[in-house]
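Written below as structure tokens is the structure these notes are about.
When a residue number appears, it is its place in the shown sequence, counting from 1.
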Amino acid sequence: MALSLDTGVPWVMCQQSDAPDPIINTCNGFYCDQFTPNSNNKPKMWTENWSGWFLSFGGAVPYRPVEDLAFAVARFFQRGGTFQNYYMYHGGTNFDRTSGGPFISTSYDYDAPLDEYGLIRQPKWGHLKDLHKAIKLCEAALVATDPTYPSLGPNLEATVYKTGSGLCSAFLANIGTNSDVTVKFNGNSYLLPAWSVSILPDCKNVVFNTAKINSVTLVPSFSRQSLQVAADSSDAIGSGWSYINEPVGISKDDAFTKPGLLEQIKTTADQSDYLWYSLSTNIKADEPLLEDGSKTVLHVQSLGHALHAFINGKLVGSGYGSSSNAKVTVDFPIALAPGKNTFDLLSLTVGLQNYGAFYEKTGAGITGPVQLKGSGNGTNIDLSSQQWTYQTGLKGEELNFPSGSSTQWDSKSTLPKLQPLVWYKTTFDAPAGSEPVAIDFTGMGKGEAWVNGQSIGRYWPTYVSQNGGCTDPCNYRGAYSSNKCLKNCGKPSQSLYHVPRSWLKSSGNTLVLFEEIGGDPTKISFVTKQLGSSLCSHVTDSHPLPVDMWGSDSKIQRKPGPVLSLECPNPNQVISSIKFASFGTPLGTCGSFSRGRCSSARSLSVVRQACVGSKSCSIGVSVNTFGDPCKGVMKSLAVEASCT
């Protein structure tokens, strides 16, 4: 069918090893250097190079070191790759209810070279830019001939693209994870760090090594401000809030009754995250569940993803699954009264599975059993097969509370806080400036938010990641996986939620929240994100020259040794101060550099003279510049600077 459309361009199938001719089967993954198409007539294509990984509610934040990402790309082109595409190159936001999963967060930043807010992530963006410039320098040889593979030794691989007309480019790889190795190639010696690739566009000079970063590191910063209610509201922060209580249980005319418990997705057709399961039942005065000393437990089993249980209109508890197991099983102690008792169970989804075989069969919602258990006397009443009443969605959704235009908003009564099922509304002025904007939902529980009627997505700052398992910094050497490099352990998976500037007016914006479990909206705040005024670089005396200087006739290109370059991120900034500078054996990472056992006394003065007052600067990393503070030792230059 696809071929019959005569599109005039080839079709590809990702991760489909038996794609029939002439459709091209392609590779998705963290590494594709070992991938081979199912026909010699098909190019070797990498359709998804995972630059990081997605965040899940309840999970720590994954990230992928750029040294490993660059290694994967260089290996792919070293071994005959023709096309490589980053997934993701630009992170983003799962606005509205578009996040998949289940449990994929609203942020889809993905540790991408361009972050969720559209800002460059350094050094990842710059190092990949340098990588592709280096590969581009090899293009003429790569497309002209097939490679040869001269032997270098165990865990070492040389790949040479050489033509009879004199074109020659080479890749030298050390795929070992432990030891740096010095190799002989074409009569010259080359130091290959573990898990790295050196690129030699002329088969002689290293223009790039995947483990040696010349790009600067930028430290992003967030400026926080309280929610400024609009000028036409009261001057007091937070006093501009109004609210509407969402009814507990059935409140809409389209509710219906069925015997037994229904699967949620088929029932709601994903028109809402929410499905009410409601039941009224009479408990006789002589029922054993009401005997003195008997403690009744409500037992509920659900396919997921979360539920809130209300007994006689009161919240008795909540339960939720996780990205690894969406199912929910809860046991809530409850108090029943003689006569009529109402059971209102609010089941909700947190993004639907959207990948894999037969994912439409996974299901969600309360499929049972739902039981009342008497802990003192062994009584067990199964409510699963009774006549349940169902309601898709919330009354507030039906009445379009997210638009903020309803006449039901109450601004006169005391604002309810830490109460379940409350809609909140306020108006606010946009933060000054042009920097990207986010809302910090610390103080809220779980729900969804709308700005000027547009959903910015689900918020859930109370879902905290596990305490253990984080690795920051992470050793880039060795195969990457989605749980190898994690940060933010023991903290909310996501506290900041992106609000596009294009959605905002300078004043009079409307913010609407639906809070499921209880929060205090007066505690939320705005933040704006900047690339930051701090920048760092750490360059060793074995780094290659910056690739931008390859083949240039500039004086700096002829200096012995590599170059450390700094440049302020914004065009109107200059380097105003040098916070740290050490040539020798400096330790640590950006923001926490310290001097090692040797450091040139001239480090700070040389860097200050070269950089302060300029938008950018370049310094030769060699003993010619700084003197030799410790002879016979490999040295490096670490610098942290401020821009204003």
Side-chain angles (χ1 to χ4, degrees), residues 226-230 232-252 272-276 278 306-320 332 334-335 342-348 350 391 393-428 439-453 455-463 492 495 497 509-526:
S226 298
L227 180 66
Q228 300 291 329
V229 294
D232 58 355
S233 301
S234 168
D235 290 338
I237 299 301
S239 62
W241 286 98
S242 55
Y243 74 96
I244 304 173
N245 287 315
E246 174 70 23
V248 174
I250 305 304
S251 60
K252 294 169 58 181
S272 170
D273 281 359
Y274 304 101
L275 178 64
W276 281 106
S278 295
L307 66 89
H308 309 303
F310 296 81
I311 305 299
N312 297 323
K314 302 294 184 183
L315 179 66
V316 297
S318 301
Y320 45 85
F332 298 131
I334 62 173
T342 59
F343 300 84
D344 295 300
L345 308 179
L346 181 58
S347 177
L348 50 134
V350 189
Q391 175 184 299
L394 307 170
K395 186 68 174 177
E397 290 177 310
E398 180 183 59
L399 297 178
N400 197 21
F401 289 171
S403 70
S405 60
S406 171
T407 59
Q408 297 184 33
W409 294 102
D410 183 350
S411 58
K412 306 297 184 184
S413 306
T414 301
L415 188 71
K417 299 177 182 178
L418 305 178
Q419 300 296 314
L421 304 187
V422 183
W423 294 84
Y424 296 103
K425 184 185 82 164
T426 193
T427 54
F428 66 94
I439 298 177
D440 185 342
F441 275 93
T442 300
M444 299 302 289
K446 179 184 182 302
E448 189 174 349
W450 295 261
V451 171
N452 294 330
S455 173
I456 64 171
R458 304 180 182 95
Y459 65 83
W460 200 351
T462 52
Y463 205 164
S495 296
Y497 294 78
N509 299 283
T510 300
L511 173 64
V512 174
L513 316 176
F514 174 64
E515 174 56 48
E516 297 172 16
I517 55 179
D520 182 353
T522 65
K523 291 185 176 179
I524 70 174
S525 59
F526 275 112

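- With sequence neighbours excluded, no residue forms a salt bridge (charged side-chain N to carboxylate O under 4.0 Å, His left out) with Lys425.
- In this structure, Ser347 and Trp276 have side chains that are not in contact, with every pair of non-hydrogen atoms separated by 4.5 Å or more.
- Salt-bridge formation is not detected for the pair Arg458/Glu448: no Lys NZ or Arg NE/NH1/NH2 atom is positioned less than 4.0 Å from an Asp or Glu carboxylate oxygen.
- In plain terms, the two heavy atoms of Pro492 and Pro461 that are nearest each other are CB-O, 3.1 Å.
- Proximity of Tyr459 to Leu513: side-chain heavy atoms (C-beta onward) are separated by under 4.5 Å at one or more points.
- With sequence neighbours left out, the ring-ring contact (aromatic ring centres under 6.0 Å, His included) criterion links Tyr463 to Tyr320, Trp460.
- Asn452 places none of its side-chain heavy atoms less than 4.5 Å from the side chain of Leu511.
- Between the Glu515 side chain and the Gly445 main chain, a donor and an acceptor come within less than 3.5 Å of each other.
- For the ring-ring contact (aromatic ring centres under 6.0 Å, His included) test, residues two or more places apart in sequence or in another chain that qualify with Phe401 are Trp409, Trp423.
- Not a single salt bridge (charged side-chain N to carboxylate O under 4.0 Å, His left out) links Asp344 to another residue, sequence neighbours left out.
- Residues forming a ring-ring contact (aromatic ring centres under 6.0 Å, His included) with Tyr243 (at least two apart in sequence, or on another chain): none.
- Closest approach of Thr426 to Gly240, counting heavy atoms only: OG1-O, 3.3 Å.
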Scan the side chains in residues 311-319 for donor-acceptor partners under 3.5 Å anywhere in the protein, sequence neighbours excluded, and list what turns up.
| from | atom 1 | to | atom 2 | distance (Å) |
| --- | --- | --- | --- | --- |
| Asn312 | OD1 | Thr342 | N | 2.8 |
| Asn312 | ND2 | Asn341 | OD1 | 3.0 |
| Ser318 | OG | His308 | ND1 | 2.7 |

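- Nearest heavy-atom pair across Gly396 and Pro402 is O-CD, 3.8 Å.
- Taking Lys252 as the reference, Asp254 meet the salt bridge (charged side-chain N to carboxylate O under 4.0 Å, His left out) condition, with sequence neighbours excluded.
- Residues that satisfy the side-chain hydrogen bond (donor to acceptor under 3.5 Å, both in side chains) test with Glu398, not counting sequence neighbours, are Lys395.
- Within the 4.5 Å cutoff, the side chain of Leu394 has no heavy atoms near those of the Leu399 side chain.
- Between Leu348 and Leu307, the closest side-chain pair of non-hydrogen atoms is not below 4.5 Å.
- Taking Ser413 as the reference, Asp410 meet the side-chain hydrogen bond (donor to acceptor under 3.5 Å, both in side chains) condition, with sequence neighbours excluded.
- Nearest heavy-atom pair, Gly519 versus Pro521, reported as atom, atom and distance to 0.1 Å: O-CD, 3.7 Å.
- Under the 3.5 Å distance criterion, the side-chain polar atoms of Gln391 are matched with a main-chain donor or acceptor of Gly393.
- Atom CG of Asp440 is separated from atom OG of Ser495 by 5.5 Å, given to the nearest 0.5 angstrom.
- Residues passing the side-chain hydrogen bond (donor to acceptor under 3.5 Å, both in side chains) test with Ser272 are Glu397, sequence neighbours excluded.
- Contact annotation: the side chain of Ile456 approaches that of Ile439 to within less than 4.5 Å [non-hydrogen atoms, C-beta and beyond].
- Side-chain rings of Tyr424 and Phe514 stay apart, their centers remaining 6.0 Å or farther from each other.
- Here the side chain of Asn509 pairs a donor or acceptor atom with the backbone of Phe428 at under 3.5 angstrom.
- Counting only heavy atoms from C-beta outward, the side chains of Met444 and Ile524 approach each other to under 4.5 Å.
- Between Ile517 and Pro420, the closest side-chain pair of non-hydrogen atoms is not below 4.5 Å.
- The side-chain hydrogen bond (donor to acceptor under 3.5 Å, both in side chains) check on Ser251 picks up nothing, with sequence neighbours excluded.
- Judged as a side-chain contact (heavy atoms from CB on, under 4.5 Å), and not counting sequence neighbours, the contacts of Lys417 are Leu415, Asp520, Thr522.
- Between the Gln408 side chain and the Ile244 main chain, no donor and acceptor come within less than 3.5 Å of each other.
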